[in-house]
Amino acid sequence: MSTCIFCRIVEGSIPAKVVYQDEDTLAFDDITPQAPVHTLVIPKRHVAAVQDLGEADQALLGRLLLTCRKVATEKGLADSGYRIVANTGRDGGQSVFHLHFHVLGGRHLAWPPG
Ligand code: AMP
């Protein structure tokens with residue numbers, strides 16, 4: 001069994017509120033939502049962070065962003081707008097080292113981030 005918490009969600013050994021999935025990507029609601037809509041979009045294959053992606057991952061990256069778009073649309077954010085965030089590494093505030101995009105919306109999001 002994997003020690004990566006998001007791999008375990010992919011395996012189904014940890015429960016999650018799954019919003020969408022396809023062959024390569026999985027979307028599930030964040031356990032500690034920071035906005036009315038807060039969904040995480042991950043690759044099913046383990047990749048630790050954006051920094052670990054390479055040229056061979058172009059198609060996967062496109063698929064991940066299209067999944068973000070699909071989640072945002074299905075959650076009713078297409079007109080109001082939303083934010084896609086990929087915290088990366090220590091200074092980026094990444095706490096789970098399985099690549100994920102946060103899809104946040106349903107309220108006005110301040111800028112710049114803290
Ligand atoms: P980050 O700090 O950018 O690495 O984001 C990790 C996110 O994963 C945080 O927003 C957590 O709330 C979320 N998270 C951690 N464990 C779970 C879980 N079991 N199910 C859903 N979301 C989780």
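Each residue takes its place number in the sequence, starting with 1. Bear in mind the structure is a predicted one, so any value in this text is a computation, not a measurement. Whatever order the structure lists ligands and atoms in, that order sets their numbers, starting from 1.
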Taking only non-hydrogen atoms of G93, do any sit less than 4.0 angstrom from ligand 1? yes

Report yes if V96 has an N/O atom closer than 3.5 Å to an N/O atom of ligand 1; otherwise report no. yes

Donor-acceptor pair, side chain of R83 and main chain of L109, under 3.5 angstrom: yes

Ligand 1 atoms nearer than 4.0 angstrom to some heavy atom of L40 are 8 (O), 13 (C), 22 (N)

In terms of heavy-atom contacts, does CD of Q51 have more than 12 from other residues, nucleotides or ligands at under 6.0 Å? no

What residue and heavy atom of the protein are closest to atom 13 (C) of ligand 1, and at what distance? D30 OD2, 3.3 Å

Provide the number and element of each atom of ligand 1 under 4.0 Å from a heavy atom of T32. 12 (O)

For V85 and ligand 1, answer yes if some heavy atom of the residue is under 4.0 Å from a ligand atom, otherwise no. no

Side-chain (S95) to main-chain (G93) donor-acceptor, under 3.5 angstrom: no

Going by an N to O cut-off under 4.0 Å, is there a salt bridge joining D29 and K75? yes

Nearest protein heavy-atom contact for atom 1 (P) of ligand 1: which residue, which atom, what distance? H100 NE2, 3.2 Å

For I31 and ligand 1, does the shortest N/O to N/O distance drop below 3.5 Å? yes

Among all the protein's non-hydrogen atoms, which is closest to atom 16 (N) of ligand 1, and how far away is it? I5 CD1, 3.9 Å

Between Q34 (side chain only) and T32 (backbone N and O only), is there a donor and an acceptor less than 3.5 Å apart? yes

Any N or O of H38 that comes nearer than 3.5 Å to an N or O of ligand 1? no

Side chain, backbone, both or neither: which part of H102 has a heavy atom under 4.0 Å from ligand 1? side chain

Short side-chain to backbone donor-acceptor contact, H100 and T39, under 3.5 Å: no

Which of the atoms of ligand 1 are close to Q94, meaning less than 4.0 Å from one of its heavy atoms? 4 (O)

Using a strict threshold of under 4.0 Å (side-chain N to carboxylate O), is an ion pair present between R45 and D57? yes

Mind checking whether F97 contacts ligand 1 via backbone (N, CA, C, O), side chain (CB onward), both or neither, at a 4.0 Å heavy-atom cut-off? neither

Per-atom filter on ligand 1: closer than 4.0 angstrom to a heavy atom of D29 are 21 (C)

Does the residue Q34 have a heavy-atom contact with ligand 1, meaning some pair of atoms that are separated by less than 4.0 Å? no

Hey, is F101 touching ligand 1 through its side chain, its backbone, both or neither, going by heavy atoms under 4.0 Å? neither

Any sub-3.5 Å donor-acceptor pair from T73's side-chain atoms to R69's backbone N or O? yes

For the rings on F28 and Y20, is their centre-to-centre separation under 6.0 Å? no

Can you name the closest pair of heavy atoms from C68 and F101 and give their distance? SG-CB, 3.7 Å

Option with minimal heavy-atom separation from atom 4 (O) of ligand 1, where the choices are A49, A86, S95: S95

Parallel, tilted or perpendicular: which fits the ring planes of H38 and H102, with parallel below 30° and perpendicular above 60°? tilted

